[in-house]
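To start, the structure itself, in structure tokens.
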Amino acid sequence: MTTNKITESVIEELAIELLEKQGYRYIYVPDIAPDGENPERDSFEDVLLLERLRRAVGRINPSIPADAREDAIKQIQRLNSPELIANNEAFHRMLTEGIKVSYQKDGADRGDIVWLVDFNNPESNEFLVTNQFTVIENNINKRPDVIIFVNGLPLVVIELKNPADENATVNSAFRQIQTYKQAIPGLFTYNCFILISDGLEAKAGTLSSEFSRFMASMPSNIKIHVRILTKVTVQLFFIDFLSMTYLKNKYSKHVILYIKNDTIITNA
């Protein structure tokens, strides 16, 4: 009889397979690396897939001149506070409220809003999943297990652990995320959610969540209409939490912005 050993990579492959079934497109990371066959990053420090973002912004905001759209993209690239949480909060305001731009039209200055995500037509957005996405910051090399990109923005980071290893728990996945935040903070500037799982239990939180604030179910006061089971298997968790419908609902005007001082902040 042949048995398949459960490893972290097996859990990772399962997660990706489930996401593909939900409509995500898988991108093989080495192909889009700076030294890959079809590079989409100038360096390993870059965490935005800029050409995908430019195409999405052009698709979503066709009436706004290209120069103004490019200015909006540069605004999210210039988030350079020494405090990661300040950068993340600023990005979330841009994501949920739009980015203010100005340009000349008919000889007069005109103000407008550039949107990074199409809230009215979710199918217009591009949903990608990658794994082992190398990020190098200050000569420190890290590779989170799975990252979900929406319109070229790395909005979700997923850390998985092997359920067959008694030392690899959801708590150790959380500690790994803390290491990533210290080593490669640039990735987390654009983060909306962090998911952690050991294949038996799965939890979700935000950038500033302590482990006790990571949840297997969302508070009822958050306007997210998806059931998340406690003590779920990784399969149920990914189908429930990361369904395309869920992400489409999540990127609405009623979105969790961040958790600060143990209080969930929304823009509802």
Side-chain angles (χ1 to χ4, degrees), residues 8 11-12 15 18-19 47 83-93 95-96 129 131 133 135 142-150 153-161 163 168-243 246-247 249-252 254-268:
E8 191 172 311
I11 300 297
E12 197 172 294
L18 291 169
L19 288 168
V47 298
E83 297 294 330
L84 172 58
I85 189 64
N87 291 330
N88 187 254
E89 290 172 11
F91 171 71
H92 275 283
R93 283 192 294 273
L95 180 69
T96 58
V129 57
N131 63 320
F133 185 88
V135 180
K142 296 294 181 183
R143 291 185 300 171
D145 287 337
V146 178
I147 297 177
I148 288 175
F149 288 85
V150 180
L153 300 164
L155 299 186
V156 182
V157 174
I158 303 169
E159 185 65 18
L160 304 168
K161 294 299 178 184
T169 63
V170 173
N171 196 296
S172 64
F174 172 81
R175 292 195 302 272
Q176 184 68 63
I177 290 291
Q178 306 317 300
T179 298
Y180 291 155
K181 285 161 53 177
Q182 292 293 323
I184 50 172
L187 175 66
F188 290 89
T189 290
Y190 309 102
N191 182 260
C192 285
F193 278 100
I194 297 166
L195 310 184
I196 54 178
S197 178
D198 61 2
L200 301 173
E201 184 179 11
K203 293 178 178 289
T206 60
L207 181 68
S208 59
S209 303
E210 297 296 332
F211 181 70
S212 62
R213 307 297 294 184
F214 269 69
M215 298 167 284
S217 61
M218 285 296 177
S220 59
N221 62 318
I222 300 302
K223 297 179 176 65
I224 296 175
H225 311 293
V226 173
R227 178 176 58 90
I228 300 175
L229 305 177
T230 58
K231 293 291 183 180
V232 293
T233 64
V234 69
Q235 181 171 358
L236 286 175
F237 185 73
F238 275 86
I239 288 175
D240 221 9
F241 197 95
L242 289 175
S243 70
Y246 175 76
L247 279 179
N249 287 339
K250 179 163 75 73
Y251 298 119
S252 68
H254 305 296
V255 65
I256 294 176
L257 294 183
Y258 51 95
I259 295 177
K260 189 172 184 178
N261 298 330
D262 290 336
T263 301
I264 296 176
I265 307 299
T266 78
N267 64 340

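Treat the numbers as computed from the prediction; the structure is a model and nothing was measured.
- A distance of 8.0 Å separates NZ of K181 from CD1 of I85, quoted to the nearest 0.5 Å.
- With sequence neighbours excluded, the residues satisfying salt bridge (Lys or Arg N to Asp or Glu O under 4.0 Å) with E159 are K161.
- Closest approach of V146 and V129 over heavy atoms only: CG1-CG2, 3.5 Å.
- From I194, atom CD1 reaches atom OH of Y180 across 11.5 Å, with rounding to the nearest 0.5 Å.
- Side-chain contact between L187 and I147: present, with at least one pair of heavy atoms (C-beta onward) separated by less than 4.5 Å.
- Not counting sequence neighbours, Q182 has no partner by the side chain to side chain donor-acceptor pair (under 3.5 Å) test.
- Among residues two or more places apart in sequence or in another chain, the side chain to side chain donor-acceptor pair (under 3.5 Å) test is passed with E12 by N131, Q132.
- Shown here are the side chain to side chain donor-acceptor pair (under 3.5 Å) partners of R143, two or more places apart in sequence or in another chain: there are none.
- Scored by the ring pair (Phe, Tyr, Trp, His ring centres under 6.0 Å) test, F188 finds no partners at all (sequence neighbours excluded).
- Here F91 pairs with Y190 under the ring pair (Phe, Tyr, Trp, His ring centres under 6.0 Å) rule; sequence neighbours left out.
- Between C192 and L95, some side-chain heavy-atom pair lies under the 4.5 Å cut-off.
- Between the NE2 atom of H92 and the CG atom of L155 there is a distance of 8.0 Å, given to the nearest 0.5 Å.
- Between the N191 side chain and the N88 main chain, no donor and acceptor come within less than 3.5 Å of each other.
- Looking at heavy atoms from C-beta onward, I196 lies in side-chain contact with F211 at the 4.5 angstrom threshold.
- In terms of heavy atoms, V47 sits closest to G186 at CG2-O, 3.7 Å.
- To the nearest 0.5 Å, the span separating OG1 on T179 from NZ on K142 amounts to 6.0 Å.
- Of the inter-residue distances, the one linking Q178 atom CD with E210 atom CD reads 7.0 Å to the nearest 0.5 angstrom.
- Closest heavy-atom contact between P144 and F133: CD-O, 3.4 Å.
- Taken to the nearest 0.5 Å, the CG atom of L84 stands 9.5 Å off from the CD atom of E89.
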